[in-house]
Amino acid sequence: MSSSLRKIVNPYHEGELQVQGRVGALGEGAQNSRLIQDSIIKGGLGFINQLPMAVFGSLDQDRHVWASIFIGTPGFIQAENERMVSFDCTSMVRNLHDPFWKNIQINRDVGMLAIELVSRRRLRVNGRITRDYDDLLRLQVKESYPNCPKYIQRRHLIAHPTDFNRTSLLSDQGTVLGVAQQTIISQADTFFVASMHPERGVDASHRGGSAGFVSIVDDCTLRIPDYPGNSMFNTLGNFAANPWAGLIFLDFQFHQTLQLTGHVEILYDVDGTSEETGGTKRHWQFYLDHWIEISHASQVDWSFFDHSPYNPPVRNSSGK
């Protein structure tokens with residue numbers, strides 16, 4: 001390990017330790033905590049610098065959590081060094097309707113997930129963001145660590161720079177999921193979730209499975225299986241400490257994003273769900289507060305390659 005990279009002392013907060021203890025994963029969680037450092041690992045710098053997308057979590061004025069996606073030409077994200085990442089806004093899709101832009105004026109704590117779907121590689125980078133100029137964002141790294149490739153569906157992204165100046169359209173918004181929004185969710189095999197801890201900050205993470213793995217319980221409630229992972233329980237641990245969450249679904253075919261904010265309840269030991277949860281019998285239930293749907297026209301295209309071989313089977317999409 002480079003002398004400039006330091007493992008974070010006490011990397012887990014009380015929520016993460018609570019969930020680890022509840023499911024008997026304190027030992028594995030402690031072992032994997034060595035991955036959490038205060039800087040980006042050396043191999044992560046080149047990875048970040050060639051990415052065409054990143055996912056962010058941010059907080060609005062009421063400290064509700066939102067998830068957002070940045071997409072641009074490879075190189076629009078640059079890891080300047082192990083503790084600083086910059087973003088060239090002129091080389092990315094500008095979505096002025098995304099709550100992210102107002103949120104960072106109020107609270108600079110953000111969570112970033114650097115992810116490449118086609119290679120199933122991902123790296124978390126959390127910290128504080130500034131907008132030094134209108135066209136430049138800079139993220140001061142607070143902590144960083146890699147994640148495993150499980151449950152990622154491989155897709156290749158192609159961005160069209162000539163379309164970046166087009167204004168993304170706010171298609172609709174509301175507090176109850178209509179037919180169009182439920183269709184996006186029920187057909188999704190990928191979404192991203194943002195969560196936060198009141199003192200430790202914001203986090204962004206990936207969730208994937210076979211189409212229909214997100215169950216629609218009713219027009220304000222979703223149920224998501226919690227598959228086996230690295231036993232860190234960063235997202236569920238944040239939920240245990242603070243129930244607010246932000247979700248974002250990508251409609252890969254029709255170039256839309258669906259952002260939701262709301263709160264979460266963790267469900268343990270749900271009878272009859274061992275197969276659909278990969279053996280954990282855990283779920284988390286999301287209760288909607290507000291949603292925003294945005295159309296991005298033809299600014300990006302996606303080519304599907306294959307599903308993750310780790311995806312558990314989907315029972316149905318009704319939540320029953």
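- Between Gly29 and Gln20, the shortest heavy-atom contact is CA-OE1, 4.1 Å.
- When side chains are defined from C-beta on, Ser144 counts as touching Leu123, because their heavy atoms get closer than 4.5 Å.
- The structure places CD1 of Ile115 at 7.5 Å from CZ of Phe47, a figure rounded to the nearest 0.5 Å.
- Listed here is the closest heavy atom pair of Ile129 and Ile104: CG2-CG2, 3.6 Å.
- Side-chain atoms of Glu80 and Arg138, non-hydrogen and from C-beta on, do get closer than 4.5 Å to each other.
- Side-chain atoms of Pro228 and Tyr151, non-hydrogen and from C-beta on, do get closer than 4.5 Å to each other.
- Pro312 and Ser210 get closest at one heavy-atom pair: O-OG, 4.0 Å.
- Looking at Trp101 and Cys89, their side chains come closer than 4.5 Å, going by heavy atoms from C-beta outward.
- No donor-acceptor distance shorter than 3.5 angstrom exists from the side chain of Thr221 to the backbone of Val217, with no hydrogens or angles considered.
- Gln37 places no side-chain N or O within donor-acceptor distance of the main-chain N or O of Tyr145, the cut-off being under 3.5 Å.
- Counting heavy atoms from C-beta on, the side chains of His283 and Thr277 come closer than 4.5 Å.
- Linking Ile, Leu, Val, Met, Phe, Trp and Tyr whenever their side-chain heavy atoms come within less than 4.5 Å leaves Met84 and Phe76 in two separate clusters.
- A donor and an acceptor atom, one from each side chain of Arg83 and Ser39, are located under 3.5 Å apart.
- By the side chain to side chain contact (heavy atoms under 4.5 Å, CB included) test, Arg128 pairs with Arg108, Asp109, sequence neighbours left out.
- Considering CZ of Phe252 and CD1 of Ile184, their distance stands at 11.5 Å, rounded to 0.5 Å.
- Expressed to the nearest 0.5 Å, how far CD1 of Ile294 lies from CG of Asn95 amounts to 4.0 Å.
- Side-chain contact between Val118 and Leu157 is absent, with no heavy-atom pair separated by less than 4.5 Å.
- Placement of Val176 and Ile185 in two distinct hydrophobic clusters is found when ILVMFWY residues are connected by side-chain heavy-atom separations under 4.5 Å, directly or transitively.
- A side-chain contact (heavy atoms from CB on, under 4.5 Å) with Leu113 holds for exactly one of Val125, Val193, Val55, Asp203; it is Val55.
- A single hydrophobic cluster is seen to contain both Leu222 and Tyr268, as judged by linkage of ILVMFWY side chains at heavy-atom distances under 4.5 Å, directly or through other members.
- Atom CG of Leu35 is separated from atom CD1 of Ile41 by 8.5 Å, given to the nearest 0.5 angstrom.
- Follow the hydrophobic side-chain contacts under 4.5 Å out from Ile152 and you reach Trp302 in the same cluster.
- You'll find the side chain of Thr130 stays beyond 4.5 Å of the side chain of Gln140, heavy atoms only.
- Between Ser186 and Thr183, the closest heavy-atom pair is OG-O, 3.1 Å.
- Applying salt bridge (Lys or Arg N to Asp or Glu O under 4.0 Å) to Asp189 and the options Arg154, Arg155, Arg207 leaves one that passes, Arg155.
- Through chains of ILVMFWY side-chain contacts below 4.5 Å, Trp244 is grouped with Leu59, Val65, Met196, Val202.
- The environment of Gln173 atom CD is dense: over 12 non-hydrogen atoms of other residues, nucleotides or ligands sit within 6.0 angstrom.
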Kindly determine whether Phe305 and Leu117 satisfy side-chain contact (heavy atoms from CB on, under 4.5 Å), including the steps that lead there. CA-CA 10 Å; Phe305 282 13; Leu117 298 182; over 6 Å; no
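- Hydrophobic clustering keeps Tyr287 apart from Leu258 (ILVMFWY residues linked when any side-chain heavy atoms are closer than 4.5 Å, directly or through intermediates).
- Checked by atom type and distance alone, the side chain of Arg122 pairs as donor or acceptor with a backbone atom of Cys148 at under 3.5 Å.
- Between Phe100 and the options Phe87, Phe70, Trp66, a ring-ring contact (aromatic ring centres under 6.0 Å, His included) holds for only Phe70.
- Listed by chain and residue number, Trp291 satisfy the side chain to side chain contact (heavy atoms under 4.5 Å, CB included) test with Asp172 (two or more places apart in sequence, or in another chain).
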Please step through side-chain contact (heavy atoms from CB on, under 4.5 Å) for the pair His206 and Asn147, ending with a clear verdict. CA-CA 10 Å; His206 164 275; Asn147 283 156; over 6 Å; no
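- Partners of Ser231 according to the side chain to side chain contact (heavy atoms under 4.5 Å, CB included) rule, which considers only residues two or more places apart in sequence or in another chain, are Ala25, Glu28, Phe233.
- Under the rule for a side-chain hydrogen bond (donor to acceptor under 3.5 Å, both in side chains), the partners of Arg282 that lie at least two apart in sequence or sit in another chain are Asp226.
- Distance check: Leu250 CG to Thr190 OG1 gives 8.0 Å after rounding to the nearest 0.5 Å.
- Interatomic distance, Phe286 CZ to Ile224 CD1, rounded to the nearest 0.5 Å: 7.5 Å.
- Counting all heavy atoms, side chain and backbone alike, Leu139 lies closest to Gly127 at CD1-C, 3.8 Å.
- Hydrophobic side-chain contacts under 4.5 Å tie Leu267 into a cluster, directly or through other members, with Val270.
- Between the Glu116 side chain and the Arg121 main chain, no donor and acceptor come within less than 3.5 Å of each other.
- Remark: side-chain polar atoms of Gln181 are paired, donor with acceptor, to backbone N or O of Gly178 under 3.5 angstrom.
- Of all the heavy atoms in Asp98 and Ser68, the pair that sits closest is OD1-OG, 2.8 Å.
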Could you walk me through whether Val214 and Phe191 pass the side-chain contact (heavy atoms from CB on, under 4.5 Å) test, one step at a time? CA-CA 9 Å; Val214 179; Phe191 75 93; 3.6 Å; yes
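- A donor-acceptor pair under 3.5 Å links the side-chain atoms of Asn49 to the main chain of Ala79, judged by distance alone.
- Judged purely by atom type and a 3.5 angstrom limit, Thr175 has no side-chain atom pairing as donor or acceptor with the backbone of Asp289.
- Remark: side-chain polar atoms of Glu16 are not paired, donor with acceptor, to backbone N or O of Asn238 under 3.5 angstrom.
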Please lay out, stage by stage, how Lys150 and Asn230 fare under the test side-chain contact (heavy atoms from CB on, under 4.5 Å). CA-CA 10 Å; Lys150 280 186 175 181; Asn230 56 19; over 6 Å; no
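- Within the 4.5 Å cutoff, side-chain heavy atoms of Ser205 are placed close to those of Arg124.
- Remark: side-chain polar atoms of Gln187 are not paired, donor with acceptor, to backbone N or O of Ala211 under 3.5 angstrom.
- Other residues, nucleotides and ligands contribute more than 12 heavy atoms inside 6.0 Å of the CG atom of Asp62.
- Look at Glu143 and Arg200 and you find no salt bridge, because none of the NZ, NE, NH1 or NH2 atoms lies under 4.0 Å from a carboxylate O.
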